[in-house]
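In what follows, chains are A, B, ... by sequence order, proteins preceding strands, each numbered from 1.
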There are 2 protein chains.
Amino acid sequence: MLGMTNYPDNGGHTLTGIRDLARHLDISIGTVSRALNNKPDVNQDTKSKVLKAAAELGYVPNQAGRALSKGRTNVIGFVLQTDSEGMMQGDLFFIRVFDGMQSVLTQHGLNLVALLSPSTVDPETYLKQIVARRFTDALVLSSIHRNDARISYLSDQNLPFATLGRSLTDVGQPWLDLDFDGVVEDAIHRLIAKGHRKIALALPRSDLNLRHIMVESYRRNLARSGIEVNEDFIVETDAGDNGGVTLVHDLIELNPRPTAVIYSDHILPFGIYRGLAENGLTPGQDLSLIGVGTRLASLLTPNLSHYRFNLFDLGVRIAEALLPTMQDRPFSDPAKIIRESVPYTFIDGDSIRDMA
Amino acid sequence: MLGMTNYPDNGGHTLTGIRDLARHLDISIGTVSRALNNKPDVNQDTKSKVLKAAAELGYVPNQAGRALSKGRTNVIGFVLQTDSEGMMQGDLFFIRVFDGMQSVLTQHGLNLVALLSPSTVDPETYLKQIVARRFTDALVLSSIHRNDARISYLSDQNLPFATLGRSLTDVGQPWLDLDFDGVVEDAIHRLIAKGHRKIALALPRSDLNLRHIMVESYRRNLARSGIEVNEDFIVETDAGDNGGVTLVHDLIELNPRPTAVIYSDHILPFGIYRGLAENGLTPGQDLSLIGVGTRLASLLTPNLSHYRFNLFDLGVRIAEALLPTMQDRPFSDPAKIIRESVPYTFIDGDSIRDMA
DNA sequence: TTGTACGCGTTATCAT
DNA sequence: ATGATAACGCGTACAA
């Protein structure tokens, strides 16, 4: 068993370990380790010799060994729900965010992996597994719910984490969020400025916290403008384009009929456009639309007025929020916990009718 | 240091290890381990006792310890390029594939993680890191190039892997692919059946292997139909909708002008529709379109004739291809290596004009 | 059937 | 500055 991997033998090609390095240089593994880890108490000469040999032999520390010894894995996990119906679901959303996170994490020797909570498994069960296995040093949770047991669980387990989204379950963890509150506020003011009074709000069915943020912002800002809330105008929709189609069906049956709708799912307008067309109606004319979008929005005609977020920057901030929560890092500063919403950018289009 | 994690102390809440379990039950850790791993030589009674206690105390084996001891991690990595301009980047491509993979892998106690090759790091360098650290038991590579050094590298390193896409660099690894060859073939025959003779082919700029598959299929099937290839009809395009717009500009300047175009980027037609409109032309009338699509295609009017793939099934097959390559699994069958293209489904639309 | 003891690759402590 | 050696948590031959 000695010196053997469990992988098929490839005839001599074997992984270089720290003891191979030591033997090769005829020094002790302790010295090699210190050299590799850039410890102060090691001769400059031997240090460079070790580094050189390591590079030549292609030495890379074994993950498991290091993790076991250090008690840390240097792995950061981003938990994704494959069945998530959260807004912004989609590859390009996360890939951008990941890239932003990576750009920060790699500078600290940390490695980002996406953990894919299977749709067949309870999210909390899945989470418990990866936590108990000590698979990662820290986690990022997404698809945050209004009340989210995962948050208190992670807190109990004492695993550093941040959330992408807020929650009523608050253990003082850092969070980042997209400024949906601001989106709804701005949208309402834009619509009102163009003479709209009957403004609908499309909400995701699930208990994602963003739903509550949106509805609260909706009520608050309508009230501030002296417009009474018509509860019928607050409608639930399925995610995706099909949700948009049924949304249109729902909206046009209302009496009075809303003249505009605000939404958070960037795919929704595709269905809305389709649903309107099916009813002989024109987007931006018979129904005004405004909500969160991505570059996919540019595929729609007439142009969609929408809000975008800089996802790369979001990723950067998530990483920056995470780092201080991980102790025994030199740059740690537990005092200030990042909690902020990243700002939106408004992209003007032709999907808001001027009612004047 | 004993019994201490590197995480901040949370006052008593400590992770259950195998030795805690042993002490709790007053038996040896060896027995506990055997019980947990369902070894044959352990008393049924003690086994159930151990399992019960494990469940109660929430025991989950430590990843690093297990990996170090077994030489396996039970982690499968899917390598993603964050800057990939591969086709299919876009909404839910990977998430669907992941879900399909998970559905198989979890049954074998394997865990899928997405490894995100940062855009700031050379993909091969990144790959070498995760391989050498023995982070995963197996890998799936995507964005496969015509000649792909990563393939021979993984083969040399003797790490089980499969590729999503074929390559000239062939070390006998299992691969899955979307049947672009079949798409082009079917598209050509459909077009010819409707009287088209001047058929253009839109290719991605990068050296992804799918590009070569498409062009070969294009030549072969045109030849089979006795149509001579006009080299001007084979055009490179940027990815995304903007690529579609410039594609139209390119095509309408050709003399003779093609009557149809085949493409692989599912976003492209959106740009094509736009580009045609800008020139006062009608999709399906002045230029026929057919290619790979996703559910986004349903947003286009006139309806787009296109091909779709079942991404979940693709994921399932990838997992099934991977499993046999990983040795010392009971279900391993190294003899048959899965290499197949997943079939397309044709969705009929109105984007192909009948020239008769 | 169960317990003991060693090894996995690395880091850290304690001598030297 | 360097070498030996004990952890880290788990699996497993081997002994009992």
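Contacts with DNA chain C (heavy atom under 4.0 Å) in residues 46-54 of chain B: Thr46(B), listed by number. Taking a 4.0 Å limit (strictly below) on heavy-atom distances, residues 31-44 of chain A reaches DNA chain C at Ser33(A), Arg34(A), Asn37(A), Lys39(A).
The salt bridge (Lys or Arg N to Asp or Glu O under 4.0 Å) analysis of residues 312-326 of chain A, with sequence neighbours excluded, yields the pairs Arg317(A)-Glu320(A), Arg317(A)-Glu340(A). Among residues at least two apart or in separate chains, there is no ring pair (Phe, Tyr, Trp, His ring centres under 6.0 Å) pair with a member in residues 17-57 of chain A.
The ring-ring contact (aromatic ring centres under 6.0 Å, His included) search around Phe135(A) returns none, not counting sequence neighbours. Looking at residues two or more places apart in sequence or on another chain, you find no salt bridge (Lys or Arg N to Asp or Glu O under 4.0 Å) involving Glu124(B). Listed by chain and residue number, nothing satisfies the side chain to side chain donor-acceptor pair (under 3.5 Å) test with Thr106(A) (two or more places apart in sequence, or in another chain). Ser28(A) meets the side chain to side chain donor-acceptor pair (under 3.5 Å) test with Thr31(A); sequence neighbours excluded. Remark: Lys52(A) engages Glu56(A) in a salt bridge (Lys or Arg N to Asp or Glu O under 4.0 Å) (not counting sequence neighbours).
Rounded to 10 degrees, the angle separating the terminal helix axes of the helix from dT1(C)-dA16(D) to dT16(C)-dA1(D), each built from five base pairs, is 50°.
Residue Ile27(B) contributes atom CD1, which lies 15 Å from atom C1' of dC10(D) at whole-angstrom precision. The distance between atom CZ of Arg134(B) and atom P of dT10(C), rounded to the nearest whole Å, is 12 Å. Atom NZ of Lys70(A) and atom C1' of dT13(C) are 14 Å apart (whole Å). Rounded to whole Å, the distance from CD1 on Ile18(B) to C1' on dA5(C) is 14 Å. Spacing between atom CZ of Arg23(A) and atom P of dT10(C) amounts to 12 Å, rounded to whole angstrom units. When rounded to the nearest whole Å, the span between CD1 of Ile29(A) and C1' of dT13(C) equals 13 Å. dA6(D) atom P lies 14 Å from atom CZ of Arg19(A), rounded to whole Å.
Gly17(A) comes within 4.0 angstrom of sugar-phosphate atoms only, judged by non-hydrogen atoms across all strands, and of no base.
Interface remark: the Ser69(B) side chain does not form any donor-acceptor pair with the dC8(C) base, using a distance-only criterion of under 3.5 Å.
Residues Asp137(B) and Val75(B) have side chains not in contact (no heavy-atom distance under 4.5 Å, counting atoms from C-beta outward).
Counting only heavy atoms from C-beta on, Leu68(A) has its side chain closest to dC8(D) among dC8(D), dA4(D), dC10(D).
Residue Arg66(B) places at least one side-chain N or O under 4.0 Å from the OP1 or OP2 atom of dG11(D). Under 4.0 angstrom from either OP1 or OP2 of dC10(D) there lies at least one side-chain N or O belonging to Tyr59(B).
One distance of note links OG of Ser117(A) with CD of Gln129(A); it measures 11.0 Å at 0.5 Å rounding.
Pro118(B) and Asp99(A) make their closest contact through CA-OD1, 4.0 Å (heavy atoms, listed as atom of the first residue, atom of the second, distance).
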Quick one: side chains of residues 57-66 of chain A, donor-acceptor pairs under 3.5 Å with protein atoms, not counting sequence neighbours, listed by atom name and distance.
unit_1: Asn62(A); atom_1: OD1; unit_2: Ala64(A); atom_2: N; d: 2.8
unit_1: Asn62(A); atom_1: OD1; unit_2: Gly65(A); atom_2: N; d: 2.8
unit_1: Arg66(A); atom_1: NH2; unit_2: Asn37(A); atom_2: OD1; d: 3.3

For residues 165-175 of chain B, which side-chain N or O atoms pair as donor and acceptor with protein atoms under 3.5 Å away, sequence neighbours left out?
unit_1: Arg166(B); atom_1: NE; unit_2: Asp177(B); atom_2: OD2; d: 3.1
unit_1: Arg166(B); atom_1: NH2; unit_2: Asp177(B); atom_2: OD2; d: 3.4
unit_1: Ser167(B); atom_1: OG; unit_2: His145(B); atom_2: O; d: 2.9
unit_1: Ser167(B); atom_1: OG; unit_2: Arg146(B); atom_2: O; d: 2.8
unit_1: Ser167(B); atom_1: OG; unit_2: Thr169(B); atom_2: N; d: 3.0
unit_1: Thr169(B); atom_1: OG1; unit_2: Asp148(B); atom_2: N; d: 2.8
unit_1: Asp170(B); atom_1: OD1; unit_2: Gly172(B); atom_2: N; d: 2.6
unit_1: Asp170(B); atom_1: OD1; unit_2: Arg339(B); atom_2: NH2; d: 2.7
unit_1: Asp170(B); atom_1: OD2; unit_2: Arg339(B); atom_2: NH1; d: 3.2
unit_1: Asp170(B); atom_1: OD2; unit_2: Arg339(B); atom_2: NH2; d: 3.3
unit_1: Gln173(B); atom_1: OE1; unit_2: Val171(B); atom_2: N; d: 3.2

